[in-house]
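Let me begin by presenting the structure, written as structure tokens, before commenting on it.
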Amino acid sequence: MGIRKAYDYGPNPMQQPLFGDMNFGTKEMSEDCLYLNIWTPAKTMDEKLPVLIYFNGGGLVAGSGSEPRYAGTAMARKGIVSVTANYREGIFGFFAHPELSAETSYKGSGNYGFMDQAAAIKWVKENIAAFGGDPERITIAGESAGSMSVSALMASPLCKGLFAQAIGSSGSVLRDGKLKTLKEAEQAGMEKAEKLGCKSIKEMRAIPAEELMNRAAEAGLPGYNIDGYFLTKQPDDIYAAGGQCKVPLLVGGNNYEMPAAFILQGKAATIDNVRSYLKDIFGDKTDDILCMYGFNTDADVNGDAGIQLASDMFIGFSTWKWGYMHAKTGGCLVYRYNYCHPRPAMRIKGKTAGLAGGVIDKKGGGQEDLPAPGAVHSADIEYAMGTLPTNRVYDWQPEDFTMSEVFSSYYANFIKTGNPNGLGLTEWTPMDANNTVPTLQLDVESKMTYDAKVEQRYELIDSQISK
């Protein structure tokens, strides 16, 4: 077959510019996007180095393995073969339809993006030795939608025996046990096709990819489903029964994932408006939830109580549930963290922070944004991957590089051994057999904590949201 000169990134997956702050290593975008990127420090093929496969975030509708913040250079310097892998997104990766299901041997459709990820892991398992990697020491990792992907991959029968460890940052598919069935997803697909003016899959395939993408205009999380192949049951049920991949897990999120505006949805910052939002979810337990988060006056809405509630409703609860369930039924060590270190001020003016990790143009002028009081969603990526120099937006200070060395060292140790602990790092205690849940408060000065009230809060949410 010859040798392919892999000097450039392959095309990014098809996607709209939903997160205007995303930065890519290539401007090209194509349906032909299923490419891997590999960084290896190996000099020979028989070094059997540990392997990291990182899946990008972006709501399953955007993002790419070409983004500089995911680059494996720093991990390679720590003795790890590092891989990023593209997967189909949006309508190209998560669209179910009865005609598509009829074409497959398993008679299902809709989870193509997840299946791309599973295929990437399988390829690495079969080929990484040629790059000096050890196929028996593969760790899969991701942030946000990438983290959700890792939790789904652990629940899939397609991934049994393909990887040795897992890392998840901010997100999972374990939430309420209510993923669409295949029939429901197919029905939603037919309705989507009708809105696009198409009566058949043939008509959809006749539309140029970019036009189809723009007409589909997917801004929300696409609907993956229980297709009977990639997922055979609700992920919640798979984890409850201990049917997930039995591998050590390092999992956590950020302490300022979302501001209260996420739950207020344009309404004034009052307890009554928070109560109105919660009533549809928690019914007669709403006041208990407000009490457990510490809402006393309207001032609390934009304070710590509002931040914690919004963060949990956005992604914090699902992240907690993943670690909690795996600790109960996975039979393997689970290390949980809460990332607390805020990014510094921006170096450039007229910009504001974007959800996906970079910046977008600031609307309406006004004062420049102050640094966030905590770690916002996706702020952890460059620190954990050791890629701060790839992001020139922020005015990185010495403590930021110290934080990155701490975080990336925990990552590297876990990838190498299944245990994040190492010389010069705060001792990280895993969850114990009684499911007491110590959490590493991850900062320049890290510490282990256990807050029974926080655990009770999550357990109350779980008891109501899963009904």
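Note that this is a predicted model, so its numbers are computed, not measured.
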> With no hydrogens and no angle check, do the side chains of T84 and N37 hold a donor and an acceptor under 3.5 Å apart?
Replying inline: yes

> Any chance the side chains of S30 and D32 put a donor and an acceptor closer than 3.5 Å?
Replying inline: no

>> I'd like to know if the side chain of Q244 pairs up with that of T329 as donor and acceptor (distance under 3.5 Å, no hydrogens or angles considered).
In response: yes

>> Within this structure, what is the CD1-CD distance for the pair I461 and Q456, rounded to the nearest 0.5 Å?
In response: 12.5 Å

> Is the shortest distance from a Lys or Arg side-chain nitrogen in E405 or K78 to a carboxylate oxygen in the other one below 4.0 Å?
Replying inline: yes

>> Any donor-acceptor pair under 3.5 Å linking the side-chain atoms of T439 with those of N338?
In response: no

> Can you tell which of Y229, F94, Y87 makes a ring pair (Phe, Tyr, Trp, His ring centres under 6.0 Å) with F114?
Replying inline: F94

> Aromatic ring centroids of Y337 and Y410 under 6.0 Å?
Replying inline: no

>> With ring pair (Phe, Tyr, Trp, His ring centres under 6.0 Å) as the test, pick out the partner of H341 among Y383, F407, Y256.
In response: Y383

>> Taking the basic N atoms (NZ, or NE/NH1/NH2) and the acidic carboxylate oxygens, is any pair closer than 4.0 Å for E211 and R215?
In response: yes

> What distance separates L425 CG from S409 OG, expressed to the nearest 0.5 Å?
Replying inline: 5.5 Å

>> Set out, in order, the CA-CA distance, both residues' side-chain angles and the distance that settles salt bridge (Lys or Arg N to Asp or Glu O under 4.0 Å) for K43 and E47, then state yes or no.
In response: CA-CA 8 Å; K43 297 284 194 270; E47 295 187 31; over 6 Å; no

> Of the non-hydrogen atoms in R137 and A164, which two are nearest, and what is the gap between them?
Replying inline: CA-CB, 4.3 Å

> How many angstroms lie between NE2 in H326 and CH2 in W322, if you round to the nearest 0.5 Å?
Replying inline: 9.0 Å

